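Only one structure is covered here, and it is reproduced in the block below.
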2 protein chains.
Amino acid sequence: MKPTVHDIARSAGVSLATVDRVLNGRPGVRRITQEKVEEAIAVLGYVRDVAAANLAKGRTYAFTFVLPENDNSFMIGLREEVEQAVGRSGAERTRIRVVDVPPFDGQALSNMLDGVLADRPDGVAFVAVESSDVQAAVARLREAGIAVVTLVSDLPGSQRHHFAGIDNHAAGRTAANLLGRFLSGRDGRVAMVAGSMLVRDHRERLEGFLSVLSEDFPRLAILPVIEARDDPAIAEELVTGLFRRYPDVIGLYSLGAGNRGILKAVRSLPEARRPVIIAHELTRSTRAALADGVVDAVLNQDAGHEVRSAIRVLKAKADGLPVIAAQERIRIDIFLKDNLP
Amino acid sequence: MKPTVHDIARSAGVSLATVDRVLNGRPGVRRITQEKVEEAIAVLGYVRDVAAANLAKGRTYAFTFVLPENDNSFMIGLREEVEQAVGRSGAERTRIRVVDVPPFDGQALSNMLDGVLADRPDGVAFVAVESSDVQAAVARLREAGIAVVTLVSDLPGSQRHHFAGIDNHAAGRTAANLLGRFLSGRDGRVAMVAGSMLVRDHRERLEGFLSVLSEDFPRLAILPVIEARDDPAIAEELVTGLFRRYPDVIGLYSLGAGNRGILKAVRSLPEARRPVIIAHELTRSTRAALADGVVDAVLNQDAGHEVRSAIRVLKAKADGLPVIAAQERIRIDIFLKDNLP
DNA sequence: CTGAAAGCGCTTACAG
DNA sequence: CTGAAAGCGCTTACAG
């Protein structure tokens, strides 16, 4: 039988309370007592039953998710995943609050983080915008002992504990690899549509994409990046203009959101003129475009995985426990029309 | 506060034992009593704390995994994942036993399943071989009330409860799509190397691959499939012979295991003659080949996911509970050199 | 610095 | 058909 706290108490000749103290590194145990207990733990090969511990503790974790008010399918999906996590709160011993901020606005985000700080939650997750204000707000959260995780877009150099998102540099490289190979042998221009260069995830995708394209596919000419603020309407207009100006665009990398608008612009083109397209995030519109051949590949980050990972990490950090990095890595999914889930 | 069994007992005016009886659908409760309890459950919005229930039950699940003695990296990796699950047995309340069978041998597999049946485990997971003997053995397991899950390769038409593996037809289609596009514009022959047509997963991949290739890429000529029994040595020999006979092989789909041997044969070719290659399963050798450009894409099934899913499903079936199909779907991962984990 | 006792939310014999 | 009591493996005041 698996040894329990009772076994180790008996074996060490101490009470349950003392076992619990050394198990949880709580103070007030004589050195010699502690050693006896540790000896017993080692000898019996004790491993704590986490479920039972949680039951006894009855601890709940207060977490706040700060999400941008972006009107695109990915953010809406992310929000839904957070709502689902709220729904699981009972079973997971969490109390999750969601607050909104304007997108791409470092000032607004840092103000909101300060507001969140005031309720002293156990942890905060947010989609980062690059700005020194935000860096400073993170420092204040950490100072207050609050666990901090960035979600989807990171803020390296800040004191956040962890980033729950994909390797965006790798995503950009992957997109370039696919686009380049799908266009193999052809000459022409390649366009890129981003949300904003103020968010790290888009900047990193762009960098990765450009480096592979210029290195491995020098016959493709690269147009300046378009910033459409992840807004379908803006994207549609800008992309329509782009096609008017450059009739020889044969490849398009949509590295942000707002694909609905981009795809509308593409569909209004005669079929022969439509470029090969690599887009991000599997949504209703990219899925449909993949199915009917307008989009050739979709790189995806699983918002559900990201939210669940963020919560696991926040719990661990709130308890001062380490996280298993490999377990929390978020994969870049690649979808073609044939492996749609 | 979340309501507990105490709350619903009080509200319904019954004892804890009675609450437990209706909660778990156990017999011996008068209709009217049951209704009172159900009413209270509905009114208070009770949802059971599974962790506490498991703690109280102290139930453990005896599961047996039947694995083929295949000497390839994927099977070795799968085995390791099962071993890891054995390591988690304490926390997961499982007792997992692993038994070996010769590969591609329906007779041996069905004998082993009968042997397993004799110890009456709560559940069995196995890599299927298509054969009526195996079908019959599954029927006997089910008759004995044992939960049955196929792993990696399925046995549709049998009475297995569930298949923990990828959609292999979709995998074959995906491979054809990638290979066809990577070869766009070129003419030549495409070769396929399988393990054996006796296992469903390989047959389905082949079918999917052929259907897309013949439909969407008619300029590619398809060679007859090679069966290398997932054995690196056999594969190396057969593929070497193939290249000798057909100097114009420009594409290769390795849909089984034994990639080590296939890649050795390819590497001995002058660079200019090497085909575009799509292979299955991310192992040490396919990963290295992806990194140095010998392999162009790898389709992967995550053996860890499959094993954990199989265990979750076996538990649910052993308890007569339903499984959430969407949650147990195993994805087809696509890896290029740029998105390696 | 240490321990006895109660309790977390369930389930399980056992008695009636 | 129903209930009182003990127990699963931990943690937590409280007392000493």
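Every chain is numbered from 1 and lettered A, B, ... according to where its sequence line falls, protein lines coming before strand lines. All of these numbers come straight from a predicted model, not from anything done at the bench.
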B:R10 atom CZ is separated from D:dA4 atom P, nearest whole Å, by 14 Å
Does any N or O in the side chain of B:N24 come within less than 3.5 Å of the main-chain N or O of B:D20, such that one atom is a donor and the other an acceptor? yes
Walking DNA chain D from its 5' end, the first of B:G58 and B:V14 to be reached, judged by nearest nucleotide, is B:V14
Side-chain donor or acceptor of B:T150 paired with backbone N/O of B:V127 under 3.5 Å
no
Residue B:R284 excluded, over 12 heavy atoms near CZ under 6.0 Å: no
Using the rule given for side chain to side chain contact (heavy atoms under 4.5 Å, CB included), can you reason through B:M112 versus B:V99, listing the C-alpha separation, both sets of side-chain angles and the distance that settles it, and then say yes or no? CA-CA 8 Å; B:M112 182 54 85; B:V99 301; 3.9 Å; yes
Protein heavy-atom contacts under 4.0 Å, written 5' to 3' over nucleotides 9-16 of chain C as B (base), S (sugar-phosphate only) or - (none), form the string BBBB----
Sorted by chain and residue number, the ring pair (Phe, Tyr, Trp, His ring centres under 6.0 Å) partners of B:F63 (sequence neighbours excluded) come out as B:Y61
The dot-bracket string of DNA chain D, counting Watson-Crick and G-U wobble pairs with both distances under 3.5 Å, using [ ] for crossing pairs and | for pairs to another strand, is |||.||||||||.|||
### Task
Check whether any side-chain nitrogen or oxygen of A:T18 sits under 4.0 Å from OP1 or OP2 of C:dG3, and answer yes or no.
yes
Picking from D:dC1, C:dA4, D:dG3, the nucleotide nearest the side-chain atoms of B:R30 would be D:dC1
For B:L314 and B:V124, the nearest pair of non-hydrogen atoms, with its separation, is CD2-O, 3.7 Å
Side chain to side chain contact (heavy atoms under 4.5 Å, CB included), that's the test. Do A:F65 and A:I311 meet it? Break it down for me. CA-CA 10 Å; A:F65 277 70; A:I311 292 171; 3.8 Å; yes
Within a radius of less than 6.0 Å around CZ of A:R59, do more than 12 heavy atoms belonging to other residues, nucleotides or ligands occur? yes
